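The structure appears right after this line, and notes come after that.
In this text, all values refer to a predicted model and were calculated from it rather than measured experimentally.
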Amino acid sequence: MAEGLNVVATGRKFLFFVLLAGVGAFVAALTPARAGTASGSILVRDALATPPIETVVSAEQLEALQPHAIVTRTEFTDGEIRFEGPLVTDLLKLVGNRGWTLARLTAANDYAIDIPITDFQAYGVILARRMDGRELSRRDKGPHWLMYPLDDFEELQDPVYNNRLIWQVVKIELR
């Protein structure tokens, strides 16, 4: 008799775990994928729209934008480095360019920084995807590293701009 109860208990445990796995799969299917993770996409949120509009810009769309180069030194690299990627202003045009004044960029680790849109226009800031010809990996602060031409403008020598060199960008909220 005890043997029969043991089989029933084992069957119930198995059924419980099967149901638990099914619920987990169902919840995962309902949860939107996080943009910017392994895919190299960036979630762009227009906070001025009513209701706010979220657009996932794919790695392919970013790659299709005209690449620009910045050759500069940073506190995070050795010597002069050539960074390549699309202008942030071109990305803004891609998603609508609605007269925003501030962008909050968020990294994969949830670090966030507010940057005036005027910076992107005044300094030709890029979302670097390559460094010295190599595609940026997570280990290299990629796949997207916001880069200013630090060596080209004396005012960019201020630590404020160094703090704006956010890497592993996964989200841009526009206000």
Side-chain angles (χ1 to χ4, degrees), residues 32-74 76-77 80-138 140-175:
R34 182 173 175 173
T37 53
S39 68
S41 62
I42 295 178
L43 176 66
V44 180
R45 184 172 195 268
D46 180 353
L48 293 184
T50 308
I53 299 169
E54 293 188 344
T55 304
V56 176
V57 180
S58 70
E60 292 79 18
Q61 288 173 299
L62 289 166
E63 193 66 30
L65 294 173
Q66 174 73 37
H68 293 266
I70 291 175
V71 178
T72 196
R73 293 175 187 80
T74 76
F76 310 105
T77 56
E80 234 179 36
I81 304 289
R82 179 183 173 87
F83 295 95
E84 296 173 57
L87 290 169
V88 176
T89 53
D90 288 346
L91 173 61
L92 299 182
K93 289 176 192 167
L94 184 68
V95 296
N97 207 3
R98 297 185 213 295
W100 309 289
T101 58
L102 190 70
R104 170 167 284 176
L105 281 76
T106 305
N109 66 358
D110 291 327
Y111 171 79
I113 186 99
D114 290 339
I115 300 175
I117 298 290
T118 54
D119 274 15
F120 304 145
Q121 299 156 340
Y123 301 115
V125 178
I126 66 170
L127 266 176
R129 298 175 48 78
R130 289 183 182 70
M131 183 169 68
D132 284 340
R134 292 185 298 113
E135 193 165 314
L136 287 170
S137 68
R138 287 240 183 243
D140 297 321
K141 300 179 175 34
H144 312 289
W145 186 359
L146 190 78
M147 190 54 56
Y148 282 75
L150 298 174
D151 290 347
D152 294 351
F153 297 90
E154 189 174 328
E155 65 267 28
L156 296 182
Q157 301 307 307
D158 188 306
V160 166
Y161 295 98
N162 193 63
N163 292 337
R164 292 179 182 171
L165 300 181
I166 183 172
W167 52 79
Q168 296 179 346
V169 175
V170 295
K171 180 179 177 184
I172 301 173
E173 182 170 330
L174 302 161
R175 303 176 197 172

Go through the steps for Glu63 and Arg129 under the test salt bridge (Lys or Arg N to Asp or Glu O under 4.0 Å), then give the verdict. CA-CA 9 Å; Glu63 193 66 30; Arg129 298 175 48 78; 3.0 Å; yes

Donor-acceptor contact present, side-chain Thr72 to main-chain Leu150, <3.5 Å: yes

Checking Asp151 now: which residues fulfil salt bridge (charged side-chain N to carboxylate O under 4.0 Å, His left out) with it, not counting sequence neighbours? Arg73

Which residues pass the ring pair (Phe, Tyr, Trp, His ring centres under 6.0 Å) test with Trp167, not counting sequence neighbours? Phe76, Trp145

What is the distance from atom CZ of Phe83 to atom NZ of Lys141, rounded to the nearest 0.5 Å? 9.5 Å

Which heavy atom of Pro52 sits nearest a heavy atom of Ala47, and at what distance? CB-CA, 4.3 Å

Before you tell me yes or no, could you show the steps for Val95 and Val57 under side chain to side chain contact (heavy atoms under 4.5 Å, CB included), namely the whole-Å CA-CA distance, both residues' side-chain angles and the distance that decides it to 0.1 Å? CA-CA 8 Å; Val95 296; Val57 180; 3.8 Å; yes

Backbone of Ser58 reached by a side-chain donor or acceptor of Gln61 within 3.5 Å: yes

Mind checking what makes salt bridge (charged side-chain N to carboxylate O under 4.0 Å, His left out) contact with Arg104, not counting sequence neighbours? Asp114

Given 3.5 Å as the limit, does a donor-acceptor pair link the side chain of Glu54 with the main chain of Asp46, or not? no

Checking Arg164 now: which residues fulfil salt bridge (charged side-chain N to carboxylate O under 4.0 Å, His left out) with it, not counting sequence neighbours? Asp119

Leu91/Ile172 under side chain to side chain contact (heavy atoms under 4.5 Å, CB included): CA gap, chis, key distance, verdict: CA-CA 10 Å; Leu91 173 61; Ile172 301 173; 3.7 Å; yes

Restricting to side chain to side chain contact (heavy atoms under 4.5 Å, CB included), what partner residues turn up for Ala122, sequence neighbours left out? none

Measure the acute angle between the ring planes of Tyr123 and Phe153, then classify it against the limits of 30° and 60° as parallel, tilted or perpendicular. perpendicular

Please walk me through it: do Glu173 and Leu43 pass side chain to side chain contact (heavy atoms under 4.5 Å, CB included)? CA-CA 8 Å; Glu173 182 170 330; Leu43 176 66; over 6 Å; no

Is it the case that the side chain of His68 and the backbone of Ile126 share a donor-acceptor pair, with hydrogens and angles ignored and the cut-off at 3.5 Å? no

Among all residues two or more places apart in sequence or in another chain, which pass the salt bridge (charged side-chain N to carboxylate O under 4.0 Å, His left out) test with Glu84? Arg82

Does atom CD of Glu154 have more than 12 heavy-atom neighbours from other groups under 6.0 Å away? no

Kindly say whether Gly142 contributes a backbone atom to a donor-acceptor pair with the side chain of Asp140 at under 3.5 angstrom? no

Might you work through the side chain to side chain contact (heavy atoms under 4.5 Å, CB included) test for Leu102 and Ile115, ending with a clear yes or no? CA-CA 6 Å; Leu102 190 70; Ile115 300 175; 5.8 Å; no

